[in-house]
Engineer: 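There's a structure below that I have some questions on.
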Amino acid sequence: MIVVIDYDTGNVRNVKNALDYLGVENTLSADPQTILSASGIILPGVGAFAKAMDALKERNLIDVIKQAAKNGIPILGICLGMQLLFDYSLEFGKTKGLSLIDGSVVQIPNDVGVKVPHMGWDKNEVVSDDPMGIPFANQFTYFVHSFYVKTAQANVIAKVDYGVEIPSIVRKNNVIGVQFHPEKSGRIGLAGLEKFKELILDADYSRD
Amino acid sequence: MLAKRIIPCLDVDHGRVKKGINFADLVDVGDPAEIASAYERQGADELVFLDITATEEKRKAIVDTIAQVAKKVFMPLTVGGGISSVADMKKLLKAGADKVSINSSAVSDPQLITEGAEKFGAQCIVLAIDAKWNAETNQYDVYVNGGRKNTGLDAIKWAKKGVSLGAGELLVTSMDKDGTKDGYDLNLYSQICSAVSVPVIASGGAGKLADFDEVFQKTNVDGALAASVFHYGELTISDVKNELKRNKVVVR
């Protein structure tokens, strides 16, 4: 069972719709026990970083997510949910994140001749042989964001070029993040969610 | 680099798509979810739903329509028409819309743009502007109420003001070009694009493949919206994209 963390930020419904469409068993929940017994976790998110961290904190979910990551449960952060996986963000002052992947979240510079927010379909360049990158090689996915992550190259699976290099897929062990919205990226996005489901199955085998 | 977006627009009246759609693979030509799926298969980058339901009490149908579409179609969805409060926006976004577009209500209550942007993020708030050239005053006038009332506002100034209030995108319809199939209003979009730094969607005038190419080659718009050429099957989205690719415009 995939648990989509429901913490009142952004549209979790669209992520659920995509999983339902794929026939992937899933539930929306903010219950610690349900989250810790999940086979996979999706952390969605739209909006402001600090507000989202507050919403997780109010629901006592920060330690729960960290524990789930430690237990080896595959976690997929989407958009702001990916940014939350990092150490801190500089959006409206410095805010601490979940520190599941080393790195920070900074503003996309708008002095490089691009419009900010980065909104629309952009092309992923896959830079590692991680299986999570396979569905996205040279494919367009849908982005909406004004901040992006800075992290070690070793954590980057794919990137897009938007005046600066924006990591579009990151991974550290069982913790994965996608900057785009797979649930809004047509069949490519759905293929990515399928790939995450496969990783969950593999993780189940390796833990047995 | 972002791909240029091709955006079909569907007029929805009380949960049904108006203007018969001539796709061979459609069973129900009025079902929004089926039409949206057909457009997705053709390669649409985004869909705009314009609620043209005349009566207030029947307007809630659009919320169910969007909820149905969002279960089957996985691309950005924008909804416009009759949205006049933050509560209206919330219902639609919760149902699965990614953006809401406001037009007349933004002119009568500009604060609505700011309230929406603060609550949901600027990327959710699209300011729709219906513009018509006024030869006497040498400006583009802003029209409201479905193009029936001239506000006398200067469209370029209104665009700038809308963005400063929090609009994350502009959907600009040229009333001079709408329905002519004579090409997009290049002068209007050049002016709007140099005035603002948010994405601009061109609407009105698409008739042939070259029209799409021209608006992307000659102006800095991010997307091109069209209704009838796609509805009546005169052009398919794949035709448009192939033509754009051939001319080195980045498309998905």
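Sequence lines set the chain letters: A, B, ... in the order given, protein chains first and strands last, and positions in each chain run from 1.
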Engineer: Counting only heavy atoms closer than 4.5 Å, note whether B/K94 contacts chain A via side chain, backbone, both or neither.
Structural biologist: backbone
Engineer: Would you say that more than 12 heavy atoms from the other residues, nucleotides or ligands in this model lie under 6.0 Å from the NZ of B/K60, or not?
Structural biologist: no
Engineer: With sequence neighbours excluded, give me every ring pair (Phe, Tyr, Trp, His ring centres under 6.0 Å) pair touching residues 70-101 of chain B.
Structural biologist: A/Y21-B/F74
Engineer: Considering heavy atoms only, which positions within residues 163-195 of chain A lie below 4.5 Å of chain B?
Structural biologist: A/E183, A/K184, A/S185, A/G186, A/L190
Engineer: Partners of A/Y142 by ring pair (Phe, Tyr, Trp, His ring centres under 6.0 Å), sequence neighbours excluded?
Structural biologist: A/W121
Engineer: Side-chain donor-acceptor pairs under 3.5 Å in residues 91-113 of chain A, sequence neighbours left out?
Structural biologist:
residue: A/E91; atom: OE1; partner: A/F49; partner atom: N; Å: 3.4
residue: A/S99; atom: OG; partner: A/D87; partner atom: OD1; Å: 2.9

Engineer: Counting C-beta onward and ignoring hydrogens, is there a side-chain heavy-atom pair between A/N14 and B/D98 closer than 4.5 Å?
Structural biologist: yes
Engineer: Under a 4.5 Å heavy-atom cut-off, does chain A meet the side chain of B/V250, its backbone, both or neither?
Structural biologist: side chain
Engineer: Considering only heavy atoms and a distance below 4.5 Å, find which of B/C124, B/G223, B/A67, B/A70 pairs most often with chain A.
Structural biologist: B/A70
Engineer: Hey, which of B/D222, B/L77, B/L93 has the most heavy atom pairs under 4.5 Å with chain A?
Structural biologist: B/D222
Engineer: Rounded to the nearest 0.5 Å, what separates atom CD in B/Q123 from atom NE2 in A/H118?
Structural biologist: 13.5 Å
Engineer: Test side-chain contact (heavy atoms from CB on, under 4.5 Å) on A/K115 and B/N220 and set out the steps.
Structural biologist: CA-CA 11 Å; A/K115 296 180 182 181; B/N220 199 19; 4.2 Å; yes
Engineer: Hey, what do you get for NZ (A/K123) to CZ (B/R252), rounding to the nearest 0.5 Å?
Structural biologist: 13.0 Å
Engineer: Please check if atom CE in A/M1 has more than 12 non-hydrogen atoms from other residues, nucleotides or ligands closer than 6.0 Å.
Structural biologist: yes
Engineer: Measure A/V160 against the heavy atoms of chain B and call it side chain, backbone, both or neither at under 4.5 Å.
Structural biologist: neither
Engineer: With a 4.5 Å cut-off on heavy-atom pairs, point out which of B/G168, B/A95, B/A122, B/S197 contacts chain A the most.
Structural biologist: B/S197
Engineer: Please identify, among A/D122, A/D20, A/V116, A/V114, the residue contributing the most non-hydrogen atom pairs under 4.5 Å to chain B.
Structural biologist: A/D122
